[in-house]
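This report concerns only the one structure given below.
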Amino acid sequence: MKAVIVPVTPFQQNCTVIWCPDTMKGAVVDPGGEIDRILAAAQQNGVTIEKVLLTHGHLDHCSAARVLADRLSVPLEGPHEEDRFWIDRLKEDCARYGFPETEAFASDRWLIEGDTVTVGNRVLDVYHCPGHTPGHVVFHDREAGIAWVGDVLFRGSVGRSDFPRGDGPTLVRSIVEKLWPLGDETVFIPGHGPYSTFGEERRSNPFVADHVVGG
């Protein structure tokens with residue numbers, strides 16, 4: 001799998017254009033805004049976008065998702081339906097934070113634990129990882145050893161759990177029980193900031209390192 005990160009909006013959210021190098025078919029993960037920049041990145045790399053993927057329903061990750069999917073006439077997949085309540089309040093949240101006006105929408109395919117999504121010839125496993133939001137999902141390309149984790153985990157930190165229906169202990173369990181088994185060598189692209197590996201976070205992350213959580 002190939003990927004290019006396009007930080008978008010004042011939140012500098014890591015929207016990612018990913019693609020299968022065999023077919024040059026791709027997907028956009030978490031388009032929070034600035035559609036023209038996202039499409040320019042896809043065009044520059046010769047990628048044909050065939051779907052939009054969402055890790056969760058916060059506005060900085062999904063506010064441009066339906067607009068982009070409709071513009072390209074492609075399906076929108078994710079997150080888990082437990083995040084529908086966040087997407088339902090999208091118009092209100094966009095007004096509050098100065099984002100372009102965006103209407104609430106429904107996903108074309110709500111995802112659950114154990115689902116897979118395809119990008120060209122590549123297959124991504126779906127993991128339901130609540131805690132930051134109740135319907136957060138993570139996408140993992142086992143063959144490439146890459147995971148797109150949204151706001152579950154960051155380099156040196158973890159996602160906030162003080163939003164409505166967030167939960168700190170649940171977030172830690174999601175990381176330890178769902179992400180760590182994917183392997184220390186797995187590179188993860190977070191929703192904000194630089195990428196890292198699960199192994200590095202197990203060694204040094206002050207919130208979920210092995211010596212902190214007893215791993």
Side-chain angles (χ1 to χ4, degrees), residues 1-18 27-38 40-42 52-65 68 78-80 83 86-87 89-90 93-94 96-100 102 124 126-141 145-168 170-172 174-176 178-180 182 186-209 212:
M1 186 76 78
K2 301 290 186 180
V4 60
I5 297 172
V6 186
V8 295
T9 83
F11 285 55
Q12 288 296 280
Q13 192 280 122
N14 286 336
C15 173
T16 311
V17 178
I18 66 176
V28 178
V29 182
D30 288 354
E34 300 186 67
I35 287 176
D36 289 341
R37 289 187 57 229
I38 297 168
V52 174
L53 302 175
L54 292 180
T55 63
H56 65 293
H58 283 164
L59 81 163
D60 55 322
H61 290 254
C62 76
S63 66
L68 177 59
H80 189 286
D83 264 19
W86 276 113
I87 298 172
R89 57 184 277 179
L90 189 58
D93 285 345
C94 285
R96 177 179 294 116
Y97 291 101
F99 276 55
T102 305
L124 305 182
V126 175
Y127 295 88
H128 181 209
C129 294
H132 177 64
T133 68
H136 202 300
V137 297
V138 164
F139 301 102
H140 179 232
D141 183 337
I146 304 174
W148 289 266
V149 303
D151 287 353
V152 170
L153 179 69
F154 303 109
R155 182 175 179 179
S157 188
V158 297
R160 290 176 59 176
S161 57
D162 58 338
F163 294 118
R165 296 185 61 193
D167 184 81
T170 298
L171 178 65
V172 171
S174 290
I175 294 168
V176 172
K178 301 287 184 70
L179 301 188
W180 290 170
L182 301 181
T186 299
V187 174
F188 70 90
I189 298 175
H192 306 267
Y195 61 83
S196 182
T197 66
F198 291 155
E200 178 58 34
E201 301 313 305
R202 292 187 70 171
R203 287 188 292 272
S204 63
N205 191 298
F207 299 94
V208 288
V212 175

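Only heavy atoms go into these numbers, but all of them, side chains included; no hydrogens, no water, no symmetry mates.
Applying the salt bridge (Lys or Arg N to Asp or Glu O under 4.0 Å) test to every pair with at least one member in residues 145-160, sequence neighbours left out, gives these pairs: Arg160-Asp162. Under the salt bridge (Lys or Arg N to Asp or Glu O under 4.0 Å) criterion, no residue pair touches residues 53-62, with sequence neighbours excluded.
Considering every non-hydrogen atom in both Ile87 and Gly57, the closest pair reads CG1-CA, 4.0 Å. When every heavy atom of Leu59 is checked against every heavy atom of Asp93, the shortest pair comes out as CD1-O, 3.6 Å. Between Cys94 and Pro100 the shortest heavy-atom distance is CB-O, 3.6 Å. The two residues Leu54 and Pro31 come nearest to each other via the heavy atoms CD2-CD, 3.9 Å. Here the closest heavy-atom approach between residue Pro130 and residue Ser174 is recorded as O-OG, 2.7 Å. Counting all heavy atoms, side chain and backbone alike, Tyr195 lies closest to Phe188 at CB-O, 3.1 Å.
With sequence neighbours excluded, the residues that form a side-chain hydrogen bond (donor to acceptor under 3.5 Å, both in side chains) with Glu200 are Arg203, Ser204. The side chain to side chain contact (heavy atoms under 4.5 Å, CB included) search around Ile35 returns Leu39, Ala64, Val67, Leu68, Arg71, not counting sequence neighbours. For His61, the ring-ring contact (aromatic ring centres under 6.0 Å, His included) test picks out His56, His192, with sequence neighbours left out. Looking at residues two or more places apart in sequence or on another chain, you find a side chain to side chain contact (heavy atoms under 4.5 Å, CB included) between Asn205 and Leu153, Val158, Glu201, Phe207, Val208.
A donor atom on one side chain and an acceptor atom on the other are found under 3.5 Å apart for Asp83 and Thr133.
For the pair Asp30 and Asn14, the minimum side-chain heavy-atom distance is 4.5 Å or more. Counting heavy atoms from C-beta outward, Trp86 and Pro164 have side chains that approach closer than 4.5 Å. Counting heavy atoms from C-beta outward, Thr16 and Val28 have side chains that stay 4.5 Å or more apart. Side-chain contact between Val149 and Thr55: absent, with no pair of heavy atoms (C-beta onward) separated by less than 4.5 Å.
To the nearest 0.5 Å, atoms CG (Asp141) and CG (Leu182) are separated by 11.5 Å. Considering OG1 of Thr9 and OH of Tyr97, their distance stands at 12.5 Å, rounded to 0.5 Å. Taken from CH2 in Trp148 to SG in Cys15, the straight-line distance is 12.5 Å, to the nearest 0.5 Å. For the atom pair CG of Leu90 and SG of Cys62, the computed distance is 5.0 Å after rounding to the nearest 0.5 Å. Distance check: Thr186 OG1 to His140 NE2 gives 4.0 Å after rounding to the nearest 0.5 Å. One finds the SG atom of Cys129 at 11.0 Å from the NE2 atom of His80 (value rounded to the nearest 0.5 Å).
Ring geometry, His58 versus Phe163: the interplanar angle exceeds 60°, so the pair is classed perpendicular (tilted spans 30 to 60°).
In this structure a side-chain-to-backbone donor-acceptor pair under 3.5 Å is present from Lys178 to His128. Proximity of a side-chain donor or acceptor of Asp167 to a complementary backbone N or O of Ser161 within less than 3.5 Å is not detected.
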Does Leu124 form a side-chain contact (heavy atoms from CB on, under 4.5 Å) with Leu53? I'd like the steps, not just the answer.
CA-CA 11 Å; Leu124 305 182; Leu53 302 175; 4.1 Å; yes

Using the rule given for side-chain contact (heavy atoms from CB on, under 4.5 Å), can you reason through Val152 versus Val138, listing the C-alpha separation, both sets of side-chain angles and the distance that settles it, and then say yes or no?
CA-CA 8 Å; Val152 170; Val138 164; 4.3 Å; yes

